[in-house]
**Student:** 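Next up is a structure, given as structure tokens.
Side chains are part of it too, since the values below use all heavy atoms of this structure and drop only hydrogens, waters and symmetry mates. The shown structure was predicted, so the numbers you read here are calculated from the model rather than taken from an experiment. Every chain is numbered from 1 and lettered A, B, ... according to where its sequence line falls, protein lines coming before strand lines.
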Amino acid sequence: MKPPKGVIIPERKFFLRDTTEVAKDLLGHFLYVEKRDGRIGGRIVETEAYLFRNDPACHAARGLTERNKTMFRQGGIVYVYFIYGVHHCLNIVTGPEGKGTAVLIRAIEPIAGIDVMFRNRPGITTLENLANGPGKLTRALGITRDDDGTDLLTGHIRVFLDPCLKKNKPKIVTSARIGIQQGSDKLLRYYIANHPCVSKR
DNA sequence: GGGAAGATGTTCT
DNA sequence: GAACATCTTCCCT
């Protein structure tokens, strides 16, 4: 994929770091998908970390299975799973191979291919509601289990870094993760303060 | 604007 | 058979 003008292309080591660091550092940067309809995507505004060690909410916590095996690959790989019989969720694997940790992308601010996203989300009328939640985001971007295992450094899904954030760091809010029972006491959800596209305050 | 209900594939007990 | 990293619709205030 041809990167947008002025962005920085991350190296593999960006994703091989500590999961909570990656989850925070992804905020404000760009996520793009390029398929039949051209390049669509936007700015990441909300993430959650899933840690494996001591984290029962993490899919990898119960060991390697057919469903979660992608989570045990090296950092920078996309892990997509199907939930509630209805929705897909997009994760970015972090750490070295075999670690079993990942960052859930919970929301983006749409920037490119907005018309395509509206087409993918019939009935939605506002920009804020287009991708402000993990299931909504995958629907808007057209991501399914077929995209599981895509490498963010070479594939049709990419992360690009915004150089402007080095000077203007976004204000990050930390909170408990959403929609889980076990491990809900851990503060592993991160989002950009006062951003309209965050799923929940 | 908010709470309840329903949809429904895949994994695990 | 239950649980699940969710979203939408419907009805109420």
**Student:** Measure the distance from CG on A/Leu104 to C1' on C/dC7 and round it to the nearest whole Å.
**Tutor:** 15 Å
**Student:** Please determine whether a side-chain nitrogen or oxygen atom of A/Arg121 lies at a distance below 4.0 Å from atom OP1 or OP2 of C/dC7.
**Tutor:** no
**Student:** Group every Ile, Leu, Val, Met, Phe, Trp and Tyr by side-chain heavy-atom contacts under 4.5 Å, then state whether A/Val7 and A/Ile157 land in the same group.
**Tutor:**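 No, because A/Val7 and A/Ile157 fall into different hydrophobic clusters, even though each may have its own neighbours under 4.5 Å.
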**Student:** Check each of A/Arg189, A/Arg201, A/Lys200 against A/Ser175 using the side-chain hydrogen bond (donor to acceptor under 3.5 Å, both in side chains) test, and report the only one that passes.
**Tutor:** A/Arg189
**Student:** Just so I know, are the side chains of A/Ile83 and A/Val86 near enough to count as touching, which here means a heavy-atom distance under 4.5 Å?
**Tutor:**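 Of all side-chain heavy-atom pairs linking A/Val86 with A/Ile83, none is under 4.5 Å.
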**Student:** Just checking A/Arg53: does its CZ atom have more than 12 heavy atoms from other residues, nucleotides or ligands closer to it than 6.0 angstrom?
**Tutor:** no
**Student:** Examine distances only and state if a side-chain atom of A/Asp148 and a backbone atom of A/Val80 form a donor-acceptor pair shorter than 3.5 Å.
**Tutor:**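 Such a contact is found between A/Asp148 side chain and A/Val80 backbone.
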**Student:** Could you work out which one of C/dT6, B/dA7, C/dC7 sits closest to the side chain of A/Lys136?
**Tutor:** C/dC7
**Student:** Atom CG of A/Asn120 and atom P of C/dC7: how far apart are they, to the nearest Å?
**Tutor:** 15 Å
**Student:** A/Tyr50 has a side chain; which of C/dC4, C/dC7, C/dA5 sits nearest to it?
**Tutor:**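 From the listed options, C/dA5 comes nearest.
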**Student:** How long is the line joining NZ of A/Lys200 and P of B/dG3, in whole Å?
**Tutor:**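 The answer, rounded to whole Å, is 9 Å.
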**Student:** Answer yes or no as to whether B/dG9 has its base stacked against A/Phe82, where stacking requires a ring-centre separation under 5.5 angstrom and planes under 30 degrees apart.
**Tutor:**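 So no, this residue does not stack on that base, at least one cut-off failing.
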**Student:** Quick one: on DNA chain C, does A/Ile83 or A/Asn129 contact a more 5' nucleotide (nearest heavy atom)?
**Tutor:**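 The residue mapped nearer the 5' terminus is A/Ile83.
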**Student:** Considering every strand and a 4.0 Å limit on heavy-atom distances, what is the contact class for A/Gly135: base, sugar-phosphate, or nothing?
**Tutor:**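 Sugar-phosphate contact only - A/Gly135 comes under 4.0 Å of backbone atoms but never of a base.
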**Student:** Give the rounded distance in Å between these two atoms: CG of A/Asn68 and C1' of C/dA3.
**Tutor:**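 It is 16 Å, rounded to the nearest whole Å.
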**Student:** Tell me the interatomic distance from A/Ile178, atom CD1, to C/dC4, atom P, rounded to whole angstroms.
**Tutor:** 16 Å
**Student:** Does OP1 or OP2 of C/dT6 have a side-chain N or O of A/Arg139 closer than 4.0 Å?
**Tutor:**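 No, because none of the side-chain N or O atoms of A/Arg139 sits under 4.0 Å from OP1 or OP2 of C/dT6.
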**Student:** State the pairing partner of C/dT6; accept Watson-Crick or G-U wobble contacts with both distances under 3.5 Å, and report none otherwise.
**Tutor:**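 Base partner found: B/dA7.
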**Student:** Does A/Tyr84 get its side chain close enough to the base of B/dA7, under 3.5 Å, for a donor-acceptor pair?
**Tutor:**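 Donor-acceptor pair under 3.5 Å: no.
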**Student:** Out of B/dT13, C/dT6, C/dA5, which has the shortest distance to the side chain of A/Tyr79?
**Tutor:** C/dA5
**Student:** When the distance from CZ of A/Arg201 to C1' of B/dG2 is rounded to whole Å, what number comes out?
**Tutor:** 17 Å
**Student:** Within the structure, does a side-chain N or O atom of A/Arg145 lie under 4.0 Å from either OP1 or OP2 of B/dG9?
**Tutor:** no
**Student:** Where the side chain of A/Tyr81 is concerned, which of B/dT11, C/dA5, B/dC12 is the nearest nucleotide?
**Tutor:** C/dA5
**Student:** Under 4.0 angstrom, heavy atoms only, what part of the nucleic acid is A/Glu66 near: base, sugar-phosphate, or nothing?
**Tutor:** nothing
**Student:** Expressed as a whole number of angstroms, how long is the span from A/Arg189:CZ to C/dT6:P?
**Tutor:** 11 Å
**Student:** Can you tell me the distance, in whole Å, between the NE2 atom of A/His59 and the P atom of B/dT11?
**Tutor:**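 It is 11 Å, rounded to the nearest whole Å.
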**Student:** Does this structure show an ion pair linking A/Asp18 with A/Lys99, if we count only N-O contacts that are shorter than 4.0 Å?
**Tutor:** no
**Student:** Which nucleotide sits closest to the side chain of A/Arg67: B/dT11, C/dT8, C/dA5?
**Tutor:**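 Nearest listed nucleotide: B/dT11.
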